[in-house]
Chemist: 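Can you read through this structure? Questions will come right after.
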Amino acid sequence: MIFGIDVASIVLGGMAAGMVLFIVSVGLSVTMGLMGFVNLAHGGFAMIGGYVIVLSMNRLGVGFVPALALGFVLTAGFSVVLERLLYSRLYRAAELDQVLFTIGLVFIMIASVTLLVGPENQQVQLPEMLRGQMDLGFTLYRTYSVVLILVGIAFVVALWLGFERTRMGAQIRAAVDNRRMTESLGINVNRLFTLTFAFGSGMAAVGGGLGAEFLGLDPQYALKYLVFFLIVVAVGGLGRVTGVFYAAAIIGVLDFVLKQYVPRGGTLYIYALTILLLLWRPQGLFGRGAGATGGEKEDSSATLMGFGLIGAIGLAGWWLAAKPSGFGLYAVLAALAATVACFAVGFARNRANRRARSYLLGLVRKLQSAPPTGKYMAHPAALAFSRRHHPRAWEALPWILALACYFLFPTYLTFGTEVLVTVLFALSLDLALGYAGIITLGHAAFFGIGAYVVGMASVHAGWTEPISGLVFAAIVAGILGLVSGWVLLRTSGLTLLMLTLCFAVLLEELSNQFGEYTGGFDGKNLTFDPILGLFEFDQLSSKSQYLYVLAVLLILFLVIRSIVNSPFGQSLTGIRENILRMPAVGTPVRWRLVLAYSMSAAVAGVAGALLAQATLFVNQTFLSLERSAAVIIILILGGYGRLYGAFVGAIAYMALAHFLSKAYPTAWQLGLGALLVVIALFARNGVLGIGERLFARVGGRLGRKPA
């Protein structure tokens with residue numbers, strides 16, 4: 001006991017929890033490091049193995065150790081089948097296709113377990129020898145926790161020796177460092193992939209069984225603890241067994257301390273520290289390699305900005321909790337000053353490129369006004385570039401259909417309003433992901449911020465005018481996107497995914513901790529003035545809400561369409577296609593990405609504000625990871641980088657989820673997950689991609705001349 005703190009209990013409890021995280025996460029670290037595969041379904045293998053172990057003990061009377069072995073073997077065998085039949089098809093696919101595929105697998109696993117076993121949490125029955133307490137000489141502690149620590153240490157020693165002292169370990173390390181060179185030496189990398197994947201999945205199964213007593217075991221396990229598994233891998237470093245061990249131990253102890261001594265908001269510090277660590281070392285504390293984007297040199301300013309961002313969030317939280325008099329005005333003035341400063345910096349950085357942009361704009365005007373036979377239209381690329389700016393006749397079809405739904409399906413207008421909001425949210429992500437290539441798992445952060453801006457302004461400030469609320473939500477979300485993008489977009493790959501994910505989860509946890517102000521999970525009911533003084537906001541005015549959301553969607557769609565077809569939008573496409581070549585032609589890559597990210601955040605904020613106004617309600621689910629994952633699924637499903645892919649994806653996803661949840665309330669995710677897997681495997685450009693290929697094939701056949 002030191003200063004009233006039982007250090008031994010803290011270290012032992014934290015280490016026991018950390019060993020569970022290590023055993024589950026080490027396989028994910030190795031497979032992601034070796035294959036470069038974003039496997040978000042790794043927690044699903046831990047869940048399946050945990051169910052095999054727990055059910056074989058509880059229902060079949062199998063012993064603890066044999067049950068662990070059975071879980072390892074069955075899960076590893078199941079993973080081999082999936083790896084050979086499905087995973088291997090996507091090794092060279094884009095990260096987004098891998099994300100879509102693995103999320104689909106998670107949905108299938110969750111629904112299958114729910115159907116076969118039920119939604120209840122499974123209680124593990126430990127053998128008698130693992131119950132009670134053990135005398136360690138300096139303290140008494142739970143026997144099972146001590147055993148978990150010893151098992152974790154034994155695993156890390158065995159794995160370290162296997163990777164460092166065996167021939168296969170040397171081959172795996174070589175494949176992680178340089179796959180092409182490894183293949184040129186005659187090593188069967190595909191076999192390495194299969195064996196490593198099976199071993200990693202088996203380890204996850206063992207971790208799921210060992211941790212059932214700590215973490216619990218239910219069908220939502222695969223999503224519930226995904227963030228922690230990814231944090232351990234990102235902090236420890238890809239392919240680094242000892243790094244994952246140290247990271248898991250640190251996070252386990254830290255989580256145990258925070259839950260014991262800071263029960264309210266303790267998890268916030270884990271997410272905040274993860275952000276700071278990854279900004280400082282994008283490759284992880286114990287990883288190798290660079291995580292910078294476009295070859296830019298990392299400096300300490302990212303870390304300082306990260307501290308500033310976390311400090312700003314903490315200050316905002318303190319303000320929300322304490323509500324000091326007079327502070328609100330200073331906060332607004334500071335936000336305005338920050339906005340002016342950011343735009344001033346952007347103006348200065350882009351000054352050197354004004355002539356180039358003016359030339360491009362002039363060229364576009366000439367392309368648009370020149371006759372088809374003119375010198376500007378002679379080149380096919382110039383013709384295609386000009387046509388992008390002119391609306392085509394078929395582009396009116398979605399809006400005609402939306403108006404037709406207003407008259408044909410009046411009982412579904414509330415659902416239609418949610419679909420329109422989702423379309424706008426997907427469009428905002430398409431601007432960042434589809435055109436700029438910014439892969440994010442935390443876009444719901446800006447959606448939720450927009451909702452909370454209009455919600456809290458309505459509840460606490462009496463600001464109930466809807467249109468000005470949308471503008472304010474766009475400004476706040478855009479500023480947050482500008483600041484966070486300036487910090488986070490110094491990284492890429494897994495690091496960027498983790499930073500955006502932690503940022504969104506951090507905001508969600510913050511809204512939950514200050515529930516007396518935000519409403520937390522229970523949320524707040526909202527009130528708004530009539531739109532333009534004419535149309536009421538209530539549950540009986542679904543028609544006016546539908547038309548209101550449709551009008552906002554049309555306006556912002558035209559703005560986004562102009563952006564992506566402008567020289568700025570074309571430069572974003574160039575950055576997405578070849579981020580290394582664009583700086584060579586004088587494009588300020590990172591500043592363009594930050595601007596795109598900020599504009600995307602502003603549109604997402606408007607979408608969140610619209611949903612809050614339409615439902616007259618806001619709670620922390622507006623910031624949830626599930627919402628971020630859903631909008632990514634929608635965009636990939638419809639086809640990203642196409643604008644109208646957001647329309648197709650949102651309608652298909654929400655209609656399917658709506659009707660499946662009505663028909664199969666407990667297992668609706670099964671059909672949706674199967675659809676996502678099929679799209680990822682056979683239609684990687686989404687539904688619009690399929691249509692484009694069919695149109696090109698039919699057009700090619702019709703255009704052939706008979707021999």
Chemist: Show the nearest heavy-atom pair for residues Leu470 and Val552, with the distance to one decimal.
Modeler: CD1-CG2, 4.0 Å
Chemist: Scan side-chain atoms only and decide if Trp486 and Ser598 contain a donor-acceptor pair under the 3.5 Å cut-off.
Modeler: no
Chemist: Taking the six-membered ring for Trp and the full ring for Phe, Tyr or His, determine whether the centres of Tyr597 and Phe446 are under 6.0 Å apart.
Modeler: yes
Chemist: Distance check, rounded to the nearest 0.5 Å: Gln220 atom CD versus Lys224 atom NZ?
Modeler: 7.5 Å
Chemist: Cut-off 3.5 Å, side chains only: do Ser600 and His443 have a donor facing an acceptor?
Modeler: yes
Chemist: Using atom types as modelled and distance alone, determine if a side-chain donor or acceptor of Ser566 lies under 3.5 Å from a backbone N or O of Gly569.
Modeler: yes
Chemist: Once the angle between the rings of Phe622 and Phe447 is folded into 0 to 90°, is it parallel (under 30°), tilted (30 to 60°) or perpendicular (over 60°)?
Modeler: parallel
Chemist: Can you name the closest pair of heavy atoms from Ala596 and Phe568 and give their distance?
Modeler: N-CZ, 4.1 Å
Chemist: Of all heavy-atom pairs between Thr500 and Leu497, which one has the smallest distance, and what is that distance?
Modeler: OG1-O, 3.0 Å
Chemist: What is the minimum heavy-atom distance between Phe101 and Ala680, and which atoms define it?
Modeler: CB-CB, 3.6 Å
Chemist: Indicate the atoms forming the closest heavy-atom contact of Arg592 with Leu572, along with that distance.
Modeler: O-CD2, 3.7 Å
Chemist: Looking only at side chains, do Glu508 and Ser511 share a donor and an acceptor under 3.5 Å apart?
Modeler: no
Chemist: Which distance, rounded to the nearest 0.5 Å, do you find between the CD1 of Ile636 and the CG of Leu676?
Modeler: 9.0 Å
Chemist: Checking side-chain hydrogen bond (donor to acceptor under 3.5 Å, both in side chains) for the pair Thr573/Gln570: CA distance, chi angles, key distance, verdict?
Modeler: CA-CA 5 Å; Thr573 304; Gln570 298 303 304; 5.1 Å; no
Chemist: Are Phe647 and Phe557, when compared by the centres of their aromatic rings, separated by less than 6.0 Å?
Modeler: yes
Chemist: Where do Leu501 and Leu441 come nearest, in terms of heavy atoms and distance?
Modeler: CD1-O, 4.0 Å
Chemist: Using distance alone, with no hydrogens and no angle criterion, decide if Asp529 and Thr464 have a side-chain donor and acceptor under 3.5 Å apart.
Modeler: yes
